[in-house]
Amino acid sequence: MFALIDGNNFYVSCERLFRPDLLTRPVVVLSNNDGCLISRSNEIKALGVPMAAPLFQVQDLLVKHNTQIFSSNFALYGDISARFMEILASLAPRVEVYSIDEAFMDFSGISDPATLAQQIRQQVADWIGIPTCIGIGPTKTLAKVANHLAKKNSAYHGVCILDDLYQIDQVLRTFAIEDIWGVGQRIEARLKALGINTAYELKRLNPKWMRQNFTVVGERLVYELNGISCLSLEPEAQARQSIQVSRSFSRSLTRFEEIREAVASYATRLAEKLRLHRLKTNTLVVSVCANRFQVRNRQYYNSILINLPTALNDDAGLIQAAVQGLEAIFRAGFDYQKAGIMALDLMPITLAQLTLFDPPEGRNAKAQEISRALDKINQRYGRGTVHMAACGPKLSWKDRKSRKSPAYTTSWHQLPKVYAK
DNA sequence: TCTGGGGTCCTAGGACCC
DNA sequence: TCTGGGGTCCTAGGACCC
């Protein structure tokens with residue numbers, strides 16, 4: 001049996017931890033650049049505001065309902081997530097961290113899964129204050145279904161167990177295909193065109209036919225809904241395959257020099273992430289695009305793949321390569337909205353291959369010393385305190401983040417103050 | 001005016017090898 | 001006129017997830 005636990009409205013719940021006054025008020029958390037809603041409290045969901053709604057479209061409604069609006073604070077959410085996963089690891093035999101707020105747990109051979117599940121929820125609530133739901137089923141997909149039910153129906157008291165074949169069929173008959181894990185917009189549309197509207201109807205399809213028409217992904221969906229597990233629990237974190245940094249600009253940019261500063265800054269952030277994970281990259285992809293919502297403007301998207309002569313993770317080397325890539329794909333005359341840089345072909349720093357003519361300590365030993373010094377200063381005084389000149393002096397394209405809460409748990413300067421009377 | 005960011009997996013097709 | 005078969009690797013594009 002698989003159990004899936006996730007935090008309810010996770011980012012909103014994190015924000016409420018240090019603002020108990022918000023427990024009874026509507027709350028939303030915005031995406032980077034304060035563009036879209038990426039977490040909504042139950043009050044907002046009840047208003048029918050969808051996930052990823054652009055802020056400008058719903059702002060009046062939010063204000064009317066006295067909503068507290070936050071910019072995203074990933075330092076906070078990541079820290080709370082780490083504590084959450086630590087608790088799970090201490091209570092469940094095997095845990096797979098699936099996302100920042102979700103984990104699968106191995107419930108095989110558990111004699112009383114309902115009691116264990118409630119214990120886990122209670123411990124998480126007591127120790128870090130995040131409300132959760134747990135779904136339990138014979139496959140990951142059915143555990144996801146159960147979790148969905150536990151969230152939507154308070155009669156489950158946060159824990160839904162699907163372990164009886166008749167009961168599972170009953171549930172699937174009224175379960176919409178678009179709510180199934182792995183069914184996105186495309187597959188939903190194609191299945192509905194074929195008259196398949198419920199999870200039960202999908203479950204009854206021929207797996208071989210599904211493979212022919214919907215690839216192995218569709219075949220696995222059918223098996224998983226039938227209680228035949230195709231997706232196993234994977235407790236060991238897999239090695240990362242890519243790391244990327246991409247951002248929209250706060251306003252559209254047209255000049256090469258401005259975009260170059262943005263790309264240099266993203267390369268800097270990418271280098272920091274690589275060093276944090278003790279990785280180097282052999283391959284970069286740099287991309288730019290015009291504002292796709294300005295349908296009247298000329299559209300442009302382009303990207304370029306750059307094979308590096310030697311694996312890198314230092315600021316200067318990545319900036320140089322990224323800017324060269326940008327020069328190749330930049331075209332004058334467009335309103336650029338976004339740029340990105342991605343590192344592929346990652347390898348641990350201990351394995352990085354030198355070229356034949358490099359000195360034993362590596363050609364860029366000096367660059368690495370500089371990077372180490374930058375990391376030390378920026379860790380101590382805040383990200384971006386010092387950076388390469390290529391990133392520019394003003395950062396005028398930088399994203400907006402006007403409603404960010406303090407880094408309550410990860411910065412000494414921003415610890416919450418408690419007054420005792 | 002204002003529309004997120006960071007990931008994974010699968011497949012088809014081309015290039016190349018012997 | 002007739003023009004192999006089997007395999008790997010790489011890449012782009014599509015689809016999905018949170």
Side-chain angles (χ1 to χ4, degrees), chain A residues 4 6-11 28-40 49-60 62 69-72 74 77-78 81 96-104 140-141 144 147-148 177-191 210-221 230-231 234 237-252 266 269-270 273 277 282-283 285 287 289-295 297 301-307 335 337-346 399-402:
Chain A
L4 175 70
D6 75 346
N8 302 345
N9 317 331
F10 185 69
Y11 299 161
V28 299
V29 175
L30 304 177
S31 65
N32 250 330
N33 229 6
D34 290 352
C36 295
L37 278 56
I38 56 171
S39 185
R40 304 154 293 156
V49 176
M51 181 65 175
L55 175 62
F56 75 93
Q57 286 178 2
V58 295
Q59 185 143 26
D60 291 348
L62 299 186
I69 302 173
F70 286 105
S71 301
S72 46
F74 285 103
Y77 314 147
S81 172
E96 174 188 339
V97 176
Y98 178 66
S99 74
I100 194 167
D101 75 324
E102 267 178 276
F104 288 101
K140 279 184 167 179
T141 304
K144 274 273 193 183
N147 179 278
H148 187 92
I177 47 166
E178 61 266 32
D179 292 333
I180 299 170
W181 186 46
V183 176
Q185 286 182 6
R186 306 299 175 111
I187 292 178
E188 175 194 355
R190 288 180 59 202
L191 286 171
M210 276 299 284
R211 186 179 189 118
Q212 281 162 15
N213 292 277
F214 291 84
T215 79
V216 67
V217 178
E219 183 187 26
R220 283 200 292 242
L221 259 178
C230 302
L231 305 168
E234 286 171 19
Q238 303 295 309
R240 290 249 230 157
Q241 311 211 359
S242 66
I243 295 180
Q244 58 176 307
V245 176
S246 69
R247 297 265 186 290
S248 298
F249 312 128
S250 57
R251 56 186 172 83
S252 56
Y266 300 172
R269 181 73 192 114
L270 183 69
K273 285 188 179 184
H277 292 98
N282 288 294
T283 308
V285 176
S287 62
C289 71
N291 190 337
R292 64 186 198 282
F293 294 102
Q294 299 288 324
V295 286
N297 288 4
Y301 170 86
N302 207 349
S303 67
I304 185 169
L305 188 138
I306 303 153
N307 288 308
D335 283 342
Q337 179 217 8
K338 183 176 179 177
I341 173 169
M342 178 165 25
L344 303 171
D345 201 359
L346 307 178
D399 56 351
R400 289 184 297 265
K401 232 173 204 187
S402 56

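Within every chain, numbering begins at 1; the chains are lettered A, B, ... in the order of the sequence lines, protein sequences first and strands thereafter.
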Is the distance from OP1 or OP2 of B/dC2 to the nearest side-chain N or O of A/Gln294 less than 4.0 Å? yes
Give one of base, sugar-phosphate or nothing for A/Leu55, where a contact means two heavy atoms less than 4.0 Å apart. nothing
Report yes if at least one side-chain N or O of A/Arg240 is closer than 4.0 Å to OP1 or OP2 of B/dG6; otherwise report no. no
Is the phosphate of B/dG7, meaning OP1 or OP2, less than 4.0 Å from a side-chain N or O of A/Ser99? no
Could you tell me which residues satisfy side chain to side chain contact (heavy atoms under 4.5 Å, CB included) with A/Asn307, sequence neighbours excluded, listed by chain and number? A/Thr283, A/Leu305
Side-chain donor-acceptor pair present, A/Asn33, A/Ser31, cut-off under 3.5 Å: no
On DNA chain B, check which nucleotide each of A/Phe293 and A/Val216 is closest to and give me the residue with the more 5' one. A/Phe293
Considering non-hydrogen atoms only, spot the tightest contact between A/Met51 and A/Arg40 and give its length. N-NH1, 3.4 Å
Using whole Å, what does the distance between atom C1' of nucleotide B/dT1 and atom CG of A/Asn33 come to? 13 Å
Nearest-nucleotide comparison on DNA chain B, the residue closer to the 5′ end among A/Val217 and A/Asn291: A/Asn291
Could you work out, with side chain to side chain contact (heavy atoms under 4.5 Å, CB included) as the rule, every residue matching A/Val245, not counting sequence neighbours? A/Arg247, A/Tyr266, A/Arg269, A/Leu270, A/Lys273, A/Ile341
A/Arg269 side chain near B/dG5 phosphate (N/O to OP1/OP2, under 4.0 Å): no
Would you classify A/Glu219 as touching base, sugar-phosphate or nothing, given that sugar-phosphate means primed atoms plus P, OP1 and OP2, and contacts are heavy atoms under 4.0 Å? nothing
Contacts of A/Ser81 meeting side chain to side chain donor-acceptor pair (under 3.5 Å) (sequence neighbours excluded), chain-then-number -> none
For A/Tyr77, the ring pair (Phe, Tyr, Trp, His ring centres under 6.0 Å) test, sequence neighbours excluded, returns A/Tyr11, A/Phe74
Give the rounded distance in Å between these two atoms: CG of A/Asn32 and C1' of B/dT3. 13 Å
Give the rounded distance in Å between these two atoms: CG of A/Leu344 and P of C/dT11. 9 Å
With the side chain defined as heavy atoms from C-beta on, A/Phe56 is closest, among B/dG4, B/dG5, B/dC2, to B/dC2
Who are the side chain to side chain donor-acceptor pair (under 3.5 Å) partners of A/Asp345, not counting sequence neighbours? none
Contacts of type ring pair (Phe, Tyr, Trp, His ring centres under 6.0 Å), residue A/Phe10, not counting sequence neighbours: none
Where protein sits on nucleotides 12-17 of chain C, one letter per nucleotide: B base, S sugar-phosphate only, - none, heavy atoms under 4.0 Å: ---SSS
Spacing between A/Ile341 atom CD1 and B/dG5 atom C1', to the nearest angstrom: 15 Å
If only atom types and distance count, is the side chain of A/Glu96 paired as donor or acceptor with the main-chain N or O of A/Glu234 below 3.5 Å? yes
How close or far is atom C1' of B/dG4 from atom CD1 of A/Ile38, stated in whole angstroms? 7 Å
Under 4.0 Å between any heavy atoms, over every strand shown, what does A/Gln238 touch: base, sugar-phosphate, or nothing? Just pick one. nothing
Looking at every strand, decide which applies to A/Leu30 at a 4.0 Å heavy-atom threshold: base, sugar-phosphate, or nothing. nothing
Calculate the interatomic distance between A/Phe74 atom CZ and C/dC18 atom P; express it in whole Å. 15 Å
Please write out the pairs of protein N or O atoms and N or O atoms of nucleotides 8-10 of chain C separated by less than 3.5 Å, giving the distance to one decimal.
none

Roughly, in whole Å, what's the span from CG in A/Asn307 to P in C/dT11? 7 Å
Please report, to 0.1 Å, the donor-acceptor pairs under 3.5 Å made by any side chain of residues 179-191 of chain A, with sequence neighbours excluded.
| from | atom 1 | to | atom 2 | distance (Å) |
| --- | --- | --- | --- | --- |
| A/Trp181 | NE1 | A/Tyr98 | OH | 3.3 |
| A/Glu188 | OE2 | A/Lys192 | NZ | 2.9 |
| A/Arg190 | NH2 | A/Asn213 | O | 2.8 |

C1' spacing across the pair C/dC18 / B/dC2, given as an integer number of angstrom: 24 Å
Distance test, side-chain N/O of A/Lys338 to OP1/OP2 of B/dG5, below 4.0 Å: yes
note: A/Gln57, atom CD; B/dG4, atom C1'; distance rounded to Å ~ 14 Å
Run the side chain to side chain contact (heavy atoms under 4.5 Å, CB included) test against A/Ala53 and tell me which residues pass, sequence neighbours left out. A/Val49, A/Pro50, A/Val58
Give the dot-bracket line for DNA chain B from 5' end to 3' end: parentheses for intra-strand Watson-Crick or G-U pairs under 3.5 Å, square brackets for crossings, | for inter-strand pairing, dots for unpaired. ....||||||||||||||
Contact class for A/Asp101 vs. all strands (heavy atom < 4.0 Å): base, sugar-phosphate, or nothing? sugar-phosphate
Spell out, as yes or no, whether a donor-acceptor pair under 3.5 Å connects the side chain of A/Asp34 to the backbone of A/Ser402. yes
Considering residues at least two apart in sequence or located in another chain, which fulfil the side chain to side chain contact (heavy atoms under 4.5 Å, CB included) criterion with A/Ser252? A/Asp335
Just to be sure I understand the rule, does A/Arg220 reach a base, reach only the sugar-phosphate, or reach nothing, if contact means heavy atoms closer than 4.0 Å? sugar-phosphate
